[in-house]
K.L.:
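Okay, here's the structure, questions in a sec.
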Amino acid sequence: MTGLRLGPLLRYVDWDGRGTATVWVESDRPCTAEVRCEDGAYGTSRTFTVAGHHYALIPVTGLTPGTATPYEVVLDGHRVWPPEESRFPPSVIRSPTADTTDLRVSFGSCRWASPPHGEPDPVGPDALDTLALRIAAETTATGGTRATGPDGQGHERPDVLLLIGDQVYADETSKATQSWLAKRRDLSEPPGEQVADYQEYSHLYDESWGDPDVRWLLSTVPSCMIFDDHDLIDDWNTSDAWVADMRETPWWQERVLSGLMSYWVYQHLGNLSPAELETDEVYAEVRAASDGTERLREFASEADRDPAGVRWSYRRDFGRTRLVMVDSRAARVLKESERAMLDEGEERWVREQALDGREPSGAQGSHGGQGSGDGRGSGDGQGSGDGRGSYDHLLVGTSLPWLLPPFIHDVESWDSALCGGERGPRWARFGEWLRRGADLEHWAAFPKSFEKLAALIAEAGSGPGAPATVCVLSGDVHHAYIAEPRWTDGSGGPDARVLQLTCSPVHNSIPASMKIGFRFGWSRLGRGLGRALRRHGRVGHSSVSWRRTGGPWFGNQLMTLTLRGRSADLRLDHALAKEGGAELVTVQERSLTP
């Protein structure tokens, strides 16, 4: 009998009233996978095979807009989800109507897999586990799908969950995974306790997404994802010299190909709409093959050799809210004299999506294979017009914060100038050593890209029909904060309220020394020292300055944006151990709009 190995994950749900969705599953053998909904909506797909694993991304059609319908997963005619005697409520697909304007977005990054139930957790409760338990309890208590909590504050389930980096840690494995790896190979040989190939990556996803609480959560809340460095290795694509050194190691090539292949299967495909999946050449070829491993490996090799040939960024429109999820890892230009966070084609695409003027129509412009135009799949999200009246809120997702604590920003800008030769070759060598040792590779380490993003945000947020808010959603830095920029170039800045919203980790830790460093980064002394470093590096003035208006907050946490019309509210919840179990405790609530 065919079994469900992992999933289901509810990924794409449309917001244009078409009643479509996608559900991702992994089975233990080739099969026909089906999704059957109580309201008659249905989807089916034959699995495809990669490295001995069998997957399906099932397009579901016929959903009734404005309703939430329970669903089940059937493999070769046998129901495998929900499991018998499940302690969770039924998994549902909620299909919005075309005129739905309210949106609830929860986001965070950096999640170590939780230990098995009953084992101590060295980093405290997992925020995703705790969110799952709260949603399940409230749903059961009310018999609904958008429940109000016992405190009367309306802890409704998110409409979408944004996981913005480090869903798995290829370079920091658990003790249980290390024991499993030791049965496969000699851990005294590189890469040691880190993962080495596709099979080992699949084990990481089993460990992370097989967690019963998270498994149910991802089956009933739609999710959007993007990678960050730990999905492959710490500080992935820091510099041209870093890449050259990694390519000299005997194990890196297999790691990077396996990392990109597994990301494509487990995370990227679910970011795409059914229409985009139908036109994705790589997806079609992998599905058509009896074994798609070699075709996908070829694609990953092309992506590693020429990052400009593949696009991992994507766009989603949720009613009157637009999300542009930006790849700030694989799209980098690392040649020192041309250093940029985004290559020219990627930068142009991001600009077009932010300014596209057509009415919202779901996920757009997000192919992960070859396409037309600049060679990376132009999608259908690049219409004409300035577009600023087509949405009320713009969310720019980037795993790395655009606005860092000012001292850290200035250190990264100074270091970038040193590496570029501003103070001579000896300082350049020091700059490269410091860049790698201190992880100096955020937007601030790409000064031209930082300024271009500032200019794009100002343009997208200005003029008639400007959105109410432009929010940059980020993670990576293992704490949460809110920062607000002020334009200093004489332009007066955009009409929209612009915020950097950073939330990390979902389930991880941070050393006390780093907490001190981040606090110092916002201090007056830190700002003064940063200005001195900028002068030494001959770094020019930025078009923006910024101040911290919330945080820093440390702990396992999730941020939630509630967007209603042109209003926006923010909530930050911490996962805390309480008597009787972990709870999500609200530590900050505020309105982001007047």
Side-chain angles (χ1 to χ4, degrees), residues 12 15 103 105 107 109 160-165 222-228 267-268 271-273 276 310-331 340-368 373-374 376-403 443 449-450 452-462 466-475 494 496 498-502 561 563 568:
Y12 176 94
W15 279 66
L103 176 69
V105 180
F107 70 96
S109 77
V160 63
L161 182 64
L162 306 185
L163 301 176
I164 47 180
S223 55
C224 297
M225 306 180 185
I226 195 70
F227 48 36
D228 199 25
Q267 298 190 50
H268 177 70
N271 295 325
L272 307 186
S273 70
E276 290 171 308
V310 175
R311 173 168 297 117
W312 304 106
S313 301
Y314 57 95
R315 167 181 149 191
R316 287 290 309 277
D317 284 347
F318 304 95
R320 297 282 298 176
T321 297
R322 175 165 299 169
L323 167 69
V324 180
M325 190 73 83
V326 180
D327 163 23
S328 51
R329 279 292 170 188
M341 183 66 84
L342 308 175
D343 65 66
E344 184 178 347
E346 188 83 4
E347 181 183 288
R348 182 172 60 250
W349 181 89
V350 170
R351 175 181 171 79
E352 289 171 344
Q353 303 316 304
L355 302 180
D356 178 15
R358 297 191 302 166
E359 287 300 316
S361 55
Q364 300 177 356
S366 52
H367 298 297
D374 62 14
R376 296 188 294 180
S378 60
D380 58 354
Q382 300 184 16
S384 59
D386 65 15
R388 291 163 293 185
S390 64
Y391 52 82
D392 293 321
H393 303 278
L394 174 62
L395 309 179
V396 179
T398 166
S399 62
L400 303 174
W402 172 53
L403 303 179
W443 284 88
S449 296
F450 176 91
K452 288 182 178 180
L453 182 55
L456 175 58
I457 288 172
E459 183 176 358
S462 299
T469 66
V470 179
C471 297
V472 181
L473 311 182
S474 306
V498 179
L499 302 106
Q500 168 71 64
L501 304 177
T502 303
L561 280 171
L563 308 170

K.L.:
Identify the heavy atoms of Leu563 and Ala568 that sit nearest to each other, and give their distance.
P.N.:
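Taking every non-hydrogen atom into account, CD2-CB, 3.5 Å.
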K.L.:
Using every non-hydrogen atom in the two residues, find where Arg322 and Asp356 come nearest and quote the distance to one decimal.
P.N.:
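Minimum heavy-atom contact is NH1-O, 2.9 Å.
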K.L.:
Could you tell me which residues satisfy salt bridge (charged side-chain N to carboxylate O under 4.0 Å, His left out) with Asp228, sequence neighbours excluded, listed by chain and number?
P.N.:
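So Asp228 forms a salt bridge (charged side-chain N to carboxylate O under 4.0 Å, His left out) with Arg329.
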K.L.:
Report the residues that fulfil side chain to side chain donor-acceptor pair (under 3.5 Å) with Ser474, sequence neighbours left out, ordered by chain and then residue number.
P.N.:
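Counting only residues at least two positions away or on another chain, Ser474 forms a side chain to side chain donor-acceptor pair (under 3.5 Å) with Gln500.
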K.L.:
When rounded to the nearest 0.5 angstrom, what is the spacing between CG in Leu395 and CZ in Phe318?
P.N.:
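Here the rounded value is 8.5 Å.
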K.L.:
Classify the side-chain pair His393/Thr321 by whether it contains a donor and acceptor separated by less than 3.5 Å.
P.N.:
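Absent: no donor and acceptor within the cut-off.
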K.L.:
For Ala496, give me all partners under side chain to side chain contact (heavy atoms under 4.5 Å, CB included), at least two apart in sequence or on another chain.
P.N.:
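With sequence neighbours excluded, Ala496 shows a side chain to side chain contact (heavy atoms under 4.5 Å, CB included) to Pro467, Val470, given in chain and number order.
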K.L.:
Please answer whether the main-chain N or O of Met225 pairs with a side-chain N or O of Tyr314 as donor and acceptor at a distance below 3.5 Å.
P.N.:
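Side chain of Tyr314 to backbone of Met225, a donor-acceptor pair under 3.5 Å: yes, one is there.
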K.L.:
List the atom of Cys224, the atom of Arg316, and the distance in Å for their closest heavy-atom pair.
P.N.:
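In this case the closest contact between Cys224 and Arg316 is SG-NH1, 3.8 Å.
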K.L.:
What I'd like to find out is whether the side chain of Val105 reaches to under 4.5 Å of the side chain of Leu323, using heavy atoms alone.
P.N.:
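Contact flag for Val105/Leu323 side chains = no.
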K.L.:
Taking all non-hydrogen atoms of both residues into account, name the closest pair between Ala460 and Leu394 and its distance.
P.N.:
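That would be CB-CD2, 3.9 Å.
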K.L.:
Find out whether Ile164 and Met325 are in side-chain contact, i.e. whether some heavy atom of one side chain is under 4.5 Å from a heavy atom of the other.
P.N.:
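Side chain of Ile164 against side chain of Met325, heavy atoms only: contact under 4.5 Å found.
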K.L.:
Using the test salt bridge (charged side-chain N to carboxylate O under 4.0 Å, His left out), find all partners of Arg351 that sit at least two apart in sequence or belong to another chain.
P.N.:
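Salt bridge (charged side-chain N to carboxylate O under 4.0 Å, His left out) list for Arg351, sorted by chain: Glu459.
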K.L.:
Once you round to the nearest 0.5 Å, how far does CH2 of Trp15 lie from CG of Leu103?
P.N.:
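Reported to 0.5 Å precision, the distance equals 4.5 Å.
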K.L.:
When rounded to the nearest 0.5 angstrom, what is the spacing between CG in Leu456 and CD in Glu352?
P.N.:
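Reported to 0.5 Å precision, the distance equals 11.0 Å.
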K.L.:
Holding to ring pair (Phe, Tyr, Trp, His ring centres under 6.0 Å), I want the full list of residues that pass it with Phe227, two or more places apart in sequence or in another chain.
P.N.:
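Residues passing ring pair (Phe, Tyr, Trp, His ring centres under 6.0 Å) with Phe227: Trp236, Tyr263, Trp312.
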K.L.:
Could you state the interatomic distance from CG (Leu163) to OG (Ser399), rounded to the nearest 0.5 Å?
P.N.:
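Interatomic distance, Leu163 CG to Ser399 OG, rounded to 0.5 Å: 12.5 Å.
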K.L.:
Do side-chain atoms of Asp327 reach the backbone of Ile226 as a donor and acceptor pair under 3.5 angstrom?
P.N.:
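Looks like no, no N/O pair under 3.5 Å.
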K.L.:
Got a sec, which residues hit side chain to side chain contact (heavy atoms under 4.5 Å, CB included) with Pro494, two or more places apart in sequence or on another chain?
P.N.:
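Scan of Pro494 (side chain to side chain contact (heavy atoms under 4.5 Å, CB included), adjacent residues dropped) gives Ala458, Ser462, Trp487, Val498.
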K.L.:
Between CG of Asn271 and OH of Tyr12, what distance do you get to the nearest 0.5 Å?
P.N.:
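Rounded to the nearest 0.5 Å, the CG-OH separation comes to 11.5 Å.
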K.L.:
My understanding is that only residues two or more places apart in sequence, or in another chain, count here; which of them pass side chain to side chain contact (heavy atoms under 4.5 Å, CB included) with Leu453?
P.N.:
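With neighbours one apart ignored, the set is Trp402, Trp443, Ile457.
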K.L.:
Kindly determine whether Leu501 and Leu561 satisfy side chain to side chain contact (heavy atoms under 4.5 Å, CB included), including the steps that lead there.
P.N.:
CA-CA 10 Å; Leu501 304 177; Leu561 280 171; 3.9 Å; yes
K.L.:
Provide the closest heavy-atom pair for Leu342 versus Glu347 in the form atom of the first, atom of the second, distance.
P.N.:
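Closest approach of Leu342 to Glu347: CB-N, 4.0 Å.
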K.L.:
Please list, chain by chain and in numerical order, all residues satisfying side chain to side chain contact (heavy atoms under 4.5 Å, CB included) with Ala340, sequence neighbours excluded.
P.N.:
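For Ala340 the side chain to side chain contact (heavy atoms under 4.5 Å, CB included) partners, ignoring immediate neighbours, are Val333, Ser449.
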K.L.:
Is there a side-chain contact between Leu403 and Val472 in this structure, where contact means two heavy atoms from C-beta onward sitting under 4.5 Å apart?
P.N.:
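Side chain of Leu403 against side chain of Val472, heavy atoms only: no contact under 4.5 Å found.
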K.L.:
Please find the pair of heavy atoms, one from Met341 and one from Ser328, that lie closest to each other, and give the distance.
P.N.:
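Of all heavy-atom pairs spanning Met341 and Ser328, the closest is SD-O, 3.3 Å.
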K.L.:
With a 3.5 Å distance limit and no angle check, can you tell me whether Glu276 reaches the backbone of Ser273 through a side-chain donor-acceptor pair?
P.N.:
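It does hold such a pair.
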K.L.:
One pair to check against side chain to side chain contact (heavy atoms under 4.5 Å, CB included): Trp349 and Val324. What are the steps and the verdict?
P.N.:
CA-CA 10 Å; Trp349 181 89; Val324 180; 4.1 Å; yes
